[in-house]
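Notes follow once the structure below has been shown.
Proteins get letters first, then strands, A, B, ... in listed order; numbering begins at 1 in each. Computed from a predicted structure; not experimentally measured.
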Number of protein chains: 2
Amino acid sequence: MQKAAAIPNSSTGLIKDMDLLVESYPKVALTVDCVIFGFEDNKLKVLLIRSDIDMYKDEWSLLGDFAKESESLEEAAYRVLRQRTGMQNVYLDQVHTFSNPNRHPGGRVITVAYCSLLNIRHHQLQITDNELHWHNVNDLDSMAFDHLEILTKCYSWLQKRIQEHPLGFNLLPEKFSLRELQNLYEAILNVELDRRNFRKKFFSMDFLIDTGELEEDVKHRPGKLYQFNFEKYEKNKRKWVGIDF
Amino acid sequence: MQKAAAIPNSSTGLIKDMDLLVESYPKVALTVDCVIFGFEDNKLKVLLIRSDIDMYKDEWSLLGDFAKESESLEEAAYRVLRQRTGMQNVYLDQVHTFSNPNRHPGGRVITVAYCSLLNIRHHQLQITDNELHWHNVNDLDSMAFDHLEILTKCYSWLQKRIQEHPLGFNLLPEKFSLRELQNLYEAILNVELDRRNFRKKFFSMDFLIDTGELEEDVKHRPGKLYQFNFEKYEKNKRKWVGIDF
DNA sequence: GAAACAATGTGTAAATATTACATATTTCAT
DNA sequence: ATGAAATATGTAATATTTACACATTGTTTC
């Protein structure tokens with residue numbers, strides 16, 4: 001059922017019937033894919049699901065879904081997060097859109113990749129559900145569809161982004177030690193950092209709140225526990241990050 | 001003509017008929033919009049076209065088009081650039097995807113914004129064609145659709161990006177003076193920069209080639225003309241830009 | 001409970017990068 | 001020849017980053 005292209009108004013040259021205009025062009029299926037990062041055992045993790053597609057039956061894939069008729073892609077991404085992890089108010093950011101015509105075996109499907117950061121402990125993963133699994137980001141070398149490419153892009157994005165904004169806090173528990181924070185940065189950036197300089201840098205940023213509490217159940221001298229001052233960060237981020245969007 | 005949803009294989013739970021799967025979800029029209037930046041008279045410009053949509057008949061819009069059946073969005077964006085400016089091998093980068101369900105009056109249309117940088121002089125704009133026009137980026141306060149939002153996003157993106165990568169060279173003639181380069185940065189970042197420090201910084205980056213030539217037709221002492229060493233930039237960008245993608 | 005251990009917590013000097021600022025040089029216009 | 005207006009360059013002060021050493025605190029072991 002092919003509709004005719006919109007016909008410009010003969011006197012003005014302007015298109016009046018927008019519906020006809022839009023209908024006359026090819027349409028595509030649209031998905032979102034969430035790259036959900038977590039942090040555990042000093043390793044950066046990503047939440048994956050066993051592929052439900054026959055041709056990728058031995059592969060893992062990102063958590064995604066088709067966009068519904070009248071939701072924005074951001075809404076769709078939040079919906080996927082909520083449905084799969086049960087979590088709300090999770091950090092989420094759009095990273096890139098993947099549109100290779102052959103990326104999906106079922107036809108033309110465009111996907112918009114979102115990067116999400118959450119605290120694994122807050123998320124009650126049904127371990128009984130062996131369809132979902134946290135993977136070490138650095139151990140993956142094959143995934144369904146073009147998902148490894150998407151993951152790689154989001155990982156690079158995160159590495160860059162975490163050096164400009166303190167996103168890492170989203171991956172940590174509410175209260176954390178400086179050592180945990182440093183382990184997180186080392187895991188994401190794949191480098192070793194100097195303890196003293198790391199500490200100095202974070203204190204100079206001035207959005208760590210000393211809770212007065214100490215670590216517990218730790219083998220040696222317990223470290224102080226801090227909280228992230230989200231409020232202060234929101235107020236000041238323009239200053240210390242430079243021009244940004 | 002509604003197709004049934006894909007039926008999982010009863011024994012494995014895996015989906016076999018991908019076509020059915022994809023067909024069973026809502027589809028959307030897909031466009032690319034190119035934010036084409038240029039530089040002239042020490043002002044940052046953006047190339048816009050008079051809207052051909054009746055409801056936006058007094059507004060300007062970005063250069064865009066619907067994606068064809070089997071081209072990637074990047075290909076579509078290059079096609080738009082080629083068709084509208086006649087130029088090839090132009091700098092192009094994907095910036096963001098806009099998906100507000102109400103952003104287009106004709107129905108659900110997703111658009112992927114690309115940022116492009118080109119040298120206005122290389123581009124033979126048909127000035128007779130009053131449909132196309134270079135606008136001062138900072139003078140725009142209203143556009144068709146959500147194009148002002150898209151432009152704003154791409155402009156912020158450019159401001160950030162130009163401080164990490166020397167993209168600005170794409171906006172300048174092949175040979176340029178240091179003053180022109182500085183004017184460009186000042187126009188994009190909307191700041192005044194110290195001449196001496198600017199010079200020092202760029203020379204330390206070490207991809208300016210002294211052509212030995214001087215400016216001509218200039219009122220006072222002519223400045224040296226430089227070329228950008230694209231080769232060296234490509235080889236070294238990882239080092240001086242830090243982690244990036 | 002004293003000593004060894006293994007972390008945390010803190011300070012300081014050196015190197016590097018950024019900022020602020022001044023003077024000499026070259027060409028054009030008169 | 002002179003003055004005007006830009007280019008070209010250097011240097012000191014400041015801020016940031018890096019490298020590195022020692023004291024402190026709580027745990028474990030004997």
Side-chain angles (χ1 to χ4, degrees), chain A residues 41-42 159-160 162-166 172-173 175-187 189-227 236-237 239-243, chain B residues 41-42 160 162-166 172-173 175-187 189-227 236-243:
Chain A
D41 301 329
N42 292 340
Q159 288 184 318
K160 182 181 156 82
I162 201 178
Q163 294 180 79
E164 302 170 336
H165 295 272
L172 293 174
K175 298 173 181 181
F176 52 87
S177 70
L178 223 36
R179 165 51 60 185
E180 290 176 291
L181 186 60
Q182 183 176 337
N183 286 342
L184 173 66
Y185 272 77
E186 291 183 337
L189 299 177
N190 248 310
V191 292
E192 292 211 340
L193 301 170
D194 182 276
R195 213 158 37 81
R196 294 154 287 192
N197 294 334
F198 183 80
R199 164 184 297 271
K200 206 185 306 172
K201 178 144 194 177
F202 264 90
F203 283 141
S204 78
M205 289 179 180
D206 196 34
F207 39 61
L208 288 181
I209 303 170
D210 188 337
T211 64
E213 298 172 53
L214 296 175
E215 286 180 299
E216 282 172 22
D217 303 322
V218 84
K219 287 175 190 164
H220 299 287
R221 176 182 178 182
K224 289 186 187 178
L225 290 177
Y226 297 91
Q227 275 182 296
N236 294 348
K237 63 178 167 186
K239 292 182 201 164
W240 60 272
V241 136
I243 292 161
Chain B
D41 301 329
N42 292 340
K160 181 182 157 83
I162 202 178
Q163 295 180 77
E164 303 169 335
H165 295 272
L172 293 174
K175 298 174 181 180
F176 52 86
S177 70
L178 223 37
R179 166 51 59 186
E180 290 176 292
L181 185 61
Q182 183 176 338
N183 286 343
L184 173 66
Y185 272 77
E186 292 183 335
L189 299 176
N190 248 312
V191 293
E192 293 211 340
L193 302 171
D194 182 277
R195 223 175 51 255
R196 294 154 287 191
N197 295 334
F198 182 81
R199 162 184 298 270
K200 206 184 306 173
K201 177 143 196 180
F202 264 91
F203 283 142
S204 77
M205 289 178 181
D206 195 36
F207 39 61
L208 289 181
I209 302 170
D210 188 337
T211 64
E213 298 171 55
L214 295 176
E215 287 181 301
E216 281 172 23
D217 304 322
V218 82
K219 286 175 191 167
H220 299 288
R221 176 181 177 181
K224 289 186 186 178
L225 291 177
Y226 297 91
Q227 275 182 298
N236 294 349
K237 64 177 166 185
R238 284 183 194 178
K239 293 181 201 163
W240 62 271
V241 136
I243 292 161

### Query
Below 3.5 Å, does any donor atom in the side chain of B:K200 face an acceptor in the base of C:dT19, or the other way round?
yes
### Task
To the nearest 0.5 Å, tell me how far A:L178 CG sits from A:F202 CZ.
8.0 Å
#### Entry: A:T211 backbone acceptor or donor facing A:Q227 side chain under 3.5 Å
no
### Query
CZ of A:R199 to CD of A:Q182: how many Å apart, nearest 0.5 Å?
9.0 Å
### Query
Quick one: the side chain of B:R196 and the base of C:dA22, do they pair up donor-acceptor inside 3.5 Å?
yes
#### Entry: 5'-most by nearest nucleotide on DNA chain C - A:D194 or A:R221
A:R221
### Query
Where the side chain of B:R199 is defined as all heavy atoms beyond and including C-beta, which of C:dG9, D:dA8, D:dA6 is the nearest nucleotide?
D:dA8
### Task
May I ask you to evaluate whether A:R179 reaches the phosphate of C:dT8, defined as a side-chain N or O under 4.0 Å from OP1 or OP2?
yes
### Task
Return the value, rounded to whole Å, for the distance between atom CZ of B:R195 and atom P of D:dA6.
10 Å
### Query
When you match A:N197 and A:P222 each to their closest nucleotide on DNA chain C, which lands nearer the 5' end?
A:P222
### Task
Specify the separation, in whole Å, of atom CZ of B:F202 and atom P of C:dA17.
16 Å
### Query
Could you give the distance from CD (B:E215) to CD (B:E180), rounded to the nearest 0.5 Å?
5.5 Å
## Note on the structure
The reported gap from CG in B:L193 to CG in B:N183 (rounded to nearest 0.5 angstrom) is 10.0 Å
### Task
Rounded off to whole Å, could you give me the NZ-to-P distance for the B:K219 and D:dG3 pair?
22 Å
### Task
May I have the distance from A:L225 (atom CG) to C:dT8 (atom P), rounded to whole angstrom?
12 Å
### Message
From CZ of B:F198 over to P of D:dA8, roughly how many Å is that when rounded to an integer?
### Response
13 Å
### B:Q182 CD - D:dA6 P separation (whole Å)
13 Å
### Message
Measure NZ/A:K224 against P/C:dA7 and give the value in whole Å, please.
### Response
20 Å
### Query
Rounded to whole angstrom units, what separation is found between the NE2 atom of A:H220 and the C1' atom of C:dA4?
11 Å
### Query
Start at the 5' end of DNA chain D and walk down; is the nucleotide closest to A:L214 or to B:Y226 reached first?
B:Y226
